[in-house]
Amino acid sequence: MAELSKAYEPGEVEAAWYARWLEGKCFHAEAGSGKPGYSIVIPPPNVTGILHMGHVLNNTIQDILCRRARQEGKEVLWLPGTDHAGIATQTKVERKLRDEGKTKRDVGREKFLEMVWDWKDHHGGIIIDQLKKLGCSCDWERERFTMDEEYSREVQRTFVHFFKQGNIYRGKRMVNWCPVSLTALSDEEVDMKPQQSKLYYMKYELVEEPGTHLRIATTRPETLMGDTGVAVNPRDERYGHLVGKHARRPFPAADIPIVADEHIDPEFGTGVLKVTPAHDKADFEIGQRHGLEILDVLHPDGRVNCPECPDLDGLDRFEARYVAAKKLEDMGLLEKTEDHENKVGFSERAGVPIEPRISMQWFLRYPQVGRATRVVADGEIEFRPPRWKKTYMNWMENIQDWCISRQLWWGHRIPVWYRKEKAVELQEAESLDAADLERGDLHVGTEPPGDPGNWVQDEDVLDTWFSSWLWPYATMDEPTRAKFYPTSDLSTGPDILFFWVARMIMAGLEFMDEVPFKNVYFHSIVRDLKGDKMSKSLGNSPDPLDLIANYGADGLRLGLMRIAPTGMDVRFDEKQIEEGRNFANKLWNACRYRLMQGEAAMGGPAAADRPAELPVYAIDILAKLDALGEQLETAYAAYKFNDIAAQLYEFFWSNFCDLYLEAVKNDFREGGERKAATLWTMDVCLSRFLQALHPFMPHVTEELWRTLGFGREGEFLMQAELPREPVLAGLDAAEARERAAAVYESASRIRNLKAEYNLASNKKVRLVVKPAGGWVEAEAATLALLTGAAAVDFDAAYEPPKGTPAALTAVGEVYLPLEGLIDVAAERSRLGKEIAKVEKEMAKSEAKLGNANFVERAKPEVVEQERGRLKDWQEKIAQLQEMLAGLG
RNA sequence: GCUCGGUUAACUCAGUGGUAGAGUGCAUCCUUCACACGGAUGAAGUCACUGGUUCAAGUCCAGUACCGAGCACCA
């Protein structure tokens, strides 16, 4: 039998068990298994990513679900993998090139992609190793990558499918353009952030009325070279007479028409808008309505493109803003500037303001929108918490076509080829769709044309999410799908509800004709104590690996799950992780204590070996153990992970250690049947508890399971099925539990009495008890053990010396004779206070029962309960008063 | 602007109609032969505010305030 160290050291234990699980193929999912299937696909982290607290939370949840499902006898597939993360990954390699003074164009597309693959092979997938450190039980044999050959083929098939269906088209549209990444972004990849900026009040001269000016407020003077109109609200009386006339754009000088458009808010600024159709979405639409020219005055990288204004040409857009304002000022056309807070769209990846830009892009009309809405509305897919349903519905109702093309190199290249001689013409064509296939100048397919020399492939790649949305089924081969698709649960952050979850539902319905998962659990967002979202850029996120090193993966997991509510967010506090570690240590030491009493039966305790005679404390803790099993089942069914964690914590620490273990310590010295019964009880509690805790703290539970000898050679705790029979099946525990509770409660009151009299908690005292029932005397030794009493005497006729401290407890009146320390006044005041407390409760109870409405209209059992309560109070007060009277 | 959350002990959070809870922190005691990553005891909440429904409201309804998120936007 192994000796256990005094404190649990997670480091080596965790690494050793992970290796053993792998070696034992414990995570392997067998498609041919006869057990019912359970599956989760991991939300694939970026291949370039490193583990952050959000990952820890999300993957702990998934691991818990998977490990629990295995315990329930299911064949479990947790399918892991990573995402190629177009922009993020490409950026890393571009940065490396830049350090060498090169750009990707210098090395060329082919070579560049080689470099990215090379980078991915050497530096990618760090996060996979980190997930292993966390204890994740993924089937690593099935690890997938969104750019695996098979997976890529699926992506291409998807594109071709929608193109031929007519739902993918190409066109020149206003898109979100990232001037750093030099690519279009979808609306979902843009974050609107409030910005402190300036509102510039400019004056444009009226062409038809020289000398008079139109005042215009703008936040973007640097785009005024692209102004091709000025707009006012048609109902704005101040400006109605000017509609149809012209204003003079200061530089480059031009006369631009004044138009009337409903979009203009007369309340904002001066009520006049300069219309720059090439650089603002709203302006673009106004321009369309009034036939205004589109004048692009910015380069793709955000520098000004306006040779007519040499002092601005080539400047960065923000620098140009100040130069343009200065220029207006010099011309006497800048009236004033005001501070102004507005919201600016930022590129989620690059962190810079996006630039609305007209460019040629590929779009997808979302498929299966109606059905995807219904499956969630009808509960075929459950959202937890359910309020995310509404957010989902809102998005589905206002859904816009998805810009799926990206001007990147790293990603799935669009499977479209143009016939060489027509390429230039086709690539500039206003629109392109399935109809163009007919002419034979276009090839759209998963295979390149047979004569590739005559064709040119589209330069763009697809949005990363255009591959991720196929994840639940594209990662599976046919036999795997047959067993594990649709998947059971999906756990993810609400921040990718639109990016990923909604789109997966649509793709699942379109291609598998089935929902991709039955439950979606939206976990909390991890914030710091100030409430800020944890992020690398804020530097407020602890490195989970440091936490694992300091507290163990198990400590991190339990600590986090205890505070992770099902609500909006969780405030991370390292203190909580420390508690997780402390819990592991508590568990460790309780098991260590068990080992000190002798070896456990190899293979663990058998429920059938339940001793005929069980002490009341044993019955009590076993009843709690049985109740725990039921409560956990309920909580798992509701995905209430923090509840589960709290129940596990409370059962073990409060009930098992603080109450039960403290009450039975004498048994080990006595030996005999009592000792055997207690050891059996401990073993049942420990083995079942280790199993119940296992999904949350897999390593330490597995270690202790083996050390205590609960498993046979070669058996893993993680593979053991949950017992179905309650330990106390067929036994009426009520009376025993009442007695155990009475002893616990009394012990607590007596310790309180000692404390009130400033007796050290380990001070040996003598107790005299007027027992409340004949059974009490049998519990004297336990009572003494729990209260630190040298002796407990029973004397129904005891007449205490005046002023003897006394407490009314569930085992009877308890006296604490304190020779030489008697203080009648103190005791009178103490009893008086207690009486006052009880009287207050009694008054409340009497008032309720005195209310005719209550007695008539409340549920009978509630009234009955209240009557019982009142009776208790009355009895108690009578006894207390008698004790008080005894003081003389 | 619209929508959705939140507001309970010093902190982090449970608690959806019937005697206000946990962990941490704090105070006091205990280095008792599992554990000081521990044990014991205790103090500490007009459950944000205002109304309403109900015999009964932290819990249900309406409104207000503040905090947060999502969506749409005013240049």
Side-chain angles (χ1 to χ4, degrees), chain A residues 4 6-8 187 192 199-200 216-220 231 263-276 280-283 286 340 342-343 385 387-388 390-391 393-395 398 494-495 497-498 525 527 529 531 533 551 555 562-565 567-573 575-576 578-597 640 642-643 646 649-650 653-654 657-658 661-662 665 747-748 751-756 758-764 786-788 841 844-845 848 851-859 861-863 865-866 869 873:
Chain A
L4 293 188
K6 201 168 163 180
Y8 172 54
D187 294 344
M192 299 304 284
L199 195 56
Y200 299 86
I216 303 176
T218 181
T219 53
R220 301 203 64 190
H263 175 261
I264 312 308
D265 174 8
E267 303 294 317
F268 186 88
T270 62
V272 186
L273 171 73
K274 71 183 195 66
V275 185
T276 321
D280 185 279
K281 208 175 168 197
D283 289 15
I286 296 171
H340 175 70
N342 63 344
K343 292 205 181 132
R387 59 193 163 78
W388 291 110
K390 194 150 183 178
T391 310
M393 297 300 159
N394 278 339
W395 189 73
N398 304 312
D495 48 339
L497 172 55
F498 309 136
I525 288 176
R527 299 177 182 282
L529 279 176
K533 188 171 170 175
Y551 304 108
R562 281 186 76 209
I563 53 167
M568 196 52 211
D569 47 18
V570 48
R571 285 179 191 232
F572 178 79
D573 184 354
K575 201 86 198 157
Q576 308 283 348
E578 201 179 313
E579 283 177 44
R581 175 203 60 177
N582 294 354
F583 188 75
N585 190 58
K586 186 76 178 175
L587 180 68
W588 180 263
N589 272 289
C591 292
R592 180 166 163 251
Y593 181 64
R594 167 64 189 85
L595 278 179
M596 290 174 172
Q597 315 310 328
K640 290 191 165 181
N642 52 339
D643 258 20
Y649 194 96
E650 201 212 332
W653 203 307
S654 307
C657 293
D658 290 348
L661 276 190
E662 293 305 324
K665 282 184 172 175
S748 170
R751 287 188 295 233
N752 167 247
L753 201 59
K754 280 172 73 175
E756 291 218 20
N758 294 323
L759 299 173
S761 52
N762 64 344
K763 164 89 176 163
K764 292 288 176 200
L786 292 177
T787 56
E841 291 302 324
K844 256 163 96 178
S845 209
K848 255 189 179 178
N851 181 344
N853 272 328
F854 173 72
V855 180
E856 280 164 28
R857 306 173 95 147
K859 280 175 282 183
E861 61 266 31
V862 172
V863 178
Q865 186 192 355
E866 199 59 39
R869 205 177 281 160
W873 295 132

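In what follows, every heavy atom counts, from backbone to side chain, and hydrogens, waters and symmetry copies are set aside. Because the structure is predicted, anything quoted here is derived from the model rather than measured. Sequence lines set the chain letters: A, B, ... in the order given, protein chains first and strands last, and positions in each chain run from 1.
Nucleotide A40(B) is matched to U28(B) when pairs are restricted to Watson-Crick or G-U wobble geometry with both distances under 3.5 angstrom. When Watson-Crick and G-U wobble pairs are counted only if both distances are under 3.5 Å, U50(B) pairs with A62(B). Of the nucleotides present, G18(B) is the one that pairs with C55(B) by Watson-Crick or G-U wobble criteria, both distances under 3.5 Å. Using N1 to N3 plus N6-O4 or O6-N4 for Watson-Crick, or N1-O2 and O6-N3 for G-U wobble, each under 3.5 Å, C11(B) pairs with G23(B). Pair check for C73(B) finds none; no Watson-Crick or G-U wobble contact set falls under 3.5 Å. Across all strands shown, C4(B) is found opposite G68(B) as a Watson-Crick or G-U wobble partner, with both distances under 3.5 Å.
Of the P atoms belonging to C61(B) and A36(B), the separation is 49 Å, rounded to the nearest Å. Taking the P atoms as reference points, U24(B) lies 15 Å from G42(B), given to the whole Å. U53(B) sits 12 Å from G17(B) when the C1' atoms are compared, rounded to a whole Å. Between the P atoms of U64(B) and C74(B), the separation comes to 27 Å (whole Å). G58(B) and G51(B) have their P atoms separated by 14 Å, with the value rounded to a whole Å. The P atoms of U8(B) and A14(B) are separated by 11 Å, rounded to the nearest whole Å. Comparing A40(B) with A48(B), their P atoms sit 32 Å apart, to the nearest whole Å. Rounded to whole Å, the C1' atom of G63(B) lies 31 Å from the corresponding atom of A10(B).
Looking at heavy-atom distances under 4.0 Å, A646(A) makes no contact with the nucleic acid at all. Counting any heavy atom pair closer than 4.0 Å across all strands shown, I264(A) reaches a base atom. As judged by a 4.0 angstrom heavy-atom cut-off over every strand, K665(A) is placed among the base-contacting residues. Within the nucleic acid shown, G580(A) has no heavy atom closer than 4.0 Å to any nucleic acid atom. Nucleic acid contact class of R594(A) (heavy atoms, under 4.0 Å, all strands): none. Across all strands shown, S748(A) has heavy atoms under 4.0 Å from sugar-phosphate atoms exclusively, and none from any base. In this structure, N752(A) reaches the sugar-phosphate backbone alone: every heavy-atom distance under 4.0 Å involves primed, P, OP1 or OP2 atoms, never a base. Using a 4.0 Å heavy-atom distance criterion, D658(A) is classed as a sugar-phosphate-only contact. A282(A) comes within contact range of the sugar-phosphate backbone alone, with a heavy-atom separation under 4.0 Å but no base atom that close. E841(A) comes within 4.0 angstrom of a base, heavy atoms only.
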Should D283(A) and K274(A) be marked as a side chain to side chain contact (heavy atoms under 4.5 Å, CB included) after you check the CA-CA gap, both sets of side-chain angles, and the distance that decides it?
CA-CA 8 Å; D283(A) 289 15; K274(A) 71 183 195 66; 5.6 Å; no
Mind running side chain to side chain contact (heavy atoms under 4.5 Å, CB included) on L199(A) and N342(A) for me, showing each step along the way?
CA-CA 10 Å; L199(A) 195 56; N342(A) 63 344; over 6 Å; no
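Contact check, W653(A) against G39(B): a side-chain N or O comes under 4.0 Å of OP1 or OP2. Contact between the side-chain N/O atoms of K390(A) and the OP1/OP2 oxygens of C4(B) is found at a separation under 4.0 Å. Dashed line: the shortest gap from a side-chain N or O of R581(A) to OP1 or OP2 of C37(B) is not under 4.0 Å. The side chain of K586(A) contributes an N or O atom lying less than 4.0 Å from OP1 or OP2 of G39(B). Here H340(A) does not reach the OP1 or OP2 of C74(B): none of its side-chain N or O atoms lies under 4.0 Å away. One finds a side-chain N or O of N582(A) lying less than 4.0 angstrom from the OP1 or OP2 phosphate oxygen of G38(B).
Rounded to a whole Å, the CZ atom of F268(A) is 5 Å from the C1' atom of C74(B). The nearest whole Å value for the distance from the CG atom in D265(A) to the C1' atom in A72(B) is 14 Å. Regarding E866(A), its CD atom lies at a distance of 17 Å from the P atom of C55(B), rounded to whole Å. Y649(A) has its OH atom 17 Å from the P atom of A14(B), to the nearest Å. Distance, K274(A) NZ to A75(B) P: 12 Å, rounded to whole Å. In this structure, R387(A) atom CZ and C4(B) atom C1' are separated by 7 Å, rounded to whole Å. Distance, Y8(A) OH to C35(B) P: 18 Å, rounded to whole Å. Separating the CG atom of N398(A) from the P atom of U3(B) is a distance of 13 Å, rounded to the nearest angstrom.
In this structure, N589(A) contributes its side chain and A7(A) its backbone to no donor-acceptor pair below 3.5 Å. Side-chain atoms of K754(A) never come within 3.5 Å of backbone atoms of L759(A) as a donor-acceptor pair (strictly under, hydrogens ignored).
For the pair T276(A) and T218(A), the minimum side-chain heavy-atom distance is 4.5 Å or more. Counting heavy atoms from C-beta outward, F583(A) and R562(A) have side chains that stay 4.5 Å or more apart. Side-chain contact between R387(A) and K390(A): absent, with no pair of heavy atoms (C-beta onward) separated by less than 4.5 Å. L595(A) has its side chain within reach of L4(A): a pair of non-hydrogen atoms, C-beta onward, lies under 4.5 Å apart. For the pair T787(A) and L753(A), the minimum side-chain heavy-atom distance is 4.5 Å or more.
Annotation: of the two residues near RNA chain B, R869(A) and T218(A), the 5′-most nearest-nucleotide partner is R869(A). Nearer the 5' end of RNA chain B, as judged by each residue's closest nucleotide, is the contact made by T391(A), out of T391(A) and A217(A).
Distances from the side chain of W873(A) to the nucleotides G39(B), U19(B), A36(B) place U19(B) closest. Looking at the side chain of M596(A), the nearest of the listed nucleotides U3(B), A34(B), U32(B) is A34(B). Checking C55(B), A20(B), A75(B) against the side-chain heavy atoms of R857(A) singles out C55(B) as nearest. The side chain of A590(A) lies closest to A34(B) when the candidates are G38(B), A34(B), A75(B). When each of U12(B), A34(B), A75(B) is scored by its nearest atom to the side-chain atoms of T219(A), the top-ranked nucleotide is A75(B). When distances are taken from the side chain of K575(A) to each of G25(B), U19(B), C74(B), the shortest belongs to G25(B). Listed candidates were A36(B), U24(B), G18(B). Nearest to the side chain of K6(A) is A36(B). Distances were taken from every side-chain heavy atom of K343(A) (C-beta onward) to each of A34(B), C73(B), C71(B); the shortest belongs to C73(B). Residue N642(A) has its side chain nearest to A14(B) when only C35(B), U41(B), A14(B) are considered. Here the nucleotide nearest the side chain of F498(A), chosen from A20(B), C71(B), C74(B), is C71(B).
Judged by distance alone, with hydrogens and angles left aside, E662(A) brings a side-chain donor or acceptor within reach of the base of A34(B), the pair sitting under 3.5 Å. For A14(B), the base has no donor-acceptor partner in the side chain of K640(A) [N/O atoms by modelled type, under 3.5 angstrom].
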